[in-house]
Amino acid sequence: MVMMKIVTAVWLLGLILYQAEGDYVLPKPSYTEVKVPRFQNATLPCEFSFIEGTQDMSFIWLREDIIEEIEVEDVYAYIQQTFEFKEPQVVYSFHDNHAALEDQSYNYQERVSVDKEEVSDGVLTLYMHRVDYQDEGLYTCRAIGPHGKGEIKLKVLIQEEEEPPVVMATEDNVTVARCYSAGWYKVPIVTWYNRREEEISENSTITVLEEKEDGSHRISSTLSSVKSNEIYHCHIRDAKKARRARTVHRKLKKGAMREYGEF
């Protein structure tokens, strides 16, 4: 009986390793990428032709973490990893002719909206206010009604750089270009470009407008030696890399099973 259990365990281990080494891979869902500058508003498109009115129709927006795969050579590290199931976050939902937000995630309260006048025409586009790194993820728009059902998948990526509006001002009777950060930065780096995308940051300065207890700042940047007929772009990022929301899965490196079998 003990021997049978050992044989069974070895067989299961071999099966896992074999499947990990195999060339066949289950197809992954297809996601359309949407890239949004940090602290800007995001528009996540979703539209279905089968929707004709809101009677007996419902739809929902869900968010899940992006899965990041890392290759490992250690067979035991691969086998011993645990997979924690996380319920998708409810970003927005609609049912019985009105928004149903009882289960909406706290992260999206008063930050997302849908144009209710367009819903009856099948336009379920989600508008998200002031996105940040925690908003990165895999979003699913899912709808069902009397004439059909469907879903659209989007992968939202937040760009590291903020690009605030540039305003022209006068300082000591000299015209300057100025931008104000919407976000907070520990070590802000400001880069200025002209319309030809040439960097011209050497003529710029940074002013701290506000400071938090954690040492982060909201800033403004002023560019001098500007021309009134030129177009300027201000980019702000943090030298300190922010943590992004990811779920990490270990993937067995190709050939690791053969190396394991040589012991």
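This one's a predicted model, so the numbers in the text were calculated from it and none came from an experiment. Basis for what follows: all heavy atoms, side chains included, without hydrogens, waters or symmetry-related copies.
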| task | Report the residues that fulfil ring pair (Phe, Tyr, Trp, His ring centres under 6.0 Å) with Tyr180, sequence neighbours left out, ordered by chain and then residue number. | result |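 Residues passing ring pair (Phe, Tyr, Trp, His ring centres under 6.0 Å) with Tyr180: none at all.
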| said: Suppose we screen for ring pair (Phe, Tyr, Trp, His ring centres under 6.0 Å). Which residues come up paired with Phe94, at least two apart in sequence or across chains? | reply: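 Scan of Phe94 (ring pair (Phe, Tyr, Trp, His ring centres under 6.0 Å), adjacent residues dropped) gives Phe59.
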| request: For residues Tyr108 and Met128, determine if any side-chain heavy atom of one lies less than 4.5 Å from a side-chain heavy atom of the other. | output: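 A side-chain contact exists here, since the closest heavy-atom pair is under 4.5 Å.
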Is [X] atom [atom1] crowded by more than 12 heavy atoms from other residues, nucleotides or ligands, each under 6.0 Å away?
X      : atom1 : answer
Asp103 : CG    : no
Glu199 : CD    : yes
His147 : NE2   : yes
Lys116 : NZ    : no

Group every Ile, Leu, Val, Met, Phe, Trp and Tyr by side-chain heavy-atom contacts under 4.5 Å, then state whether [X] and [Y] land in the same group.
X      : Y      : answer
Leu154 : Leu62  : no
Val176 : Ile219 : no
Ile152 : Ile51  : yes
Ile189 : Trp184 : no

| Under 3.5 Å donor-acceptor, Asn194 side chain and Tyr232 backbone |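 Answer holds: no.
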| request: Report yes or no: does Arg111 contribute a side-chain atom to a donor-acceptor pair with the main-chain N or O of His129 at less than 3.5 Å? | output: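 Pair found, side chain donor or acceptor close to backbone of His129.
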| message | Going by side chain to side chain contact (heavy atoms under 4.5 Å, CB included), Arg63 matches just one of Val91, Leu138, Val156, Thr140. Which one? | response |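 Passing option: Val91.
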| message | I need the single residue from Asp238, Val208, Thr207, Leu209 that forms a side chain to side chain contact (heavy atoms under 4.5 Å, CB included) with His217. Which is it? | response |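 Only one option passes, and that is Val208.
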| query | Which pairs count as disulfide bond (SG atoms under 2.5 Å apart) when at least one residue sits in residues 109-168, sequence neighbours excluded? | reply |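 Only Cys46-Cys141 qualify under disulfide bond (SG atoms under 2.5 Å apart).
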| Between Thr222 and Arg178, is any side-chain donor less than 3.5 angstrom from a side-chain acceptor? |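 Side-chain D/A pair, Thr222 to Arg178: present.
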| message | Regarding Glu136 and Arg38, does a basic nitrogen lie under 4.0 Å from an acidic carboxylate oxygen? | response |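 Judged by the 4.0 Å cut-off on N to carboxylate O distance, Glu136 and Arg38 do not form a salt bridge.
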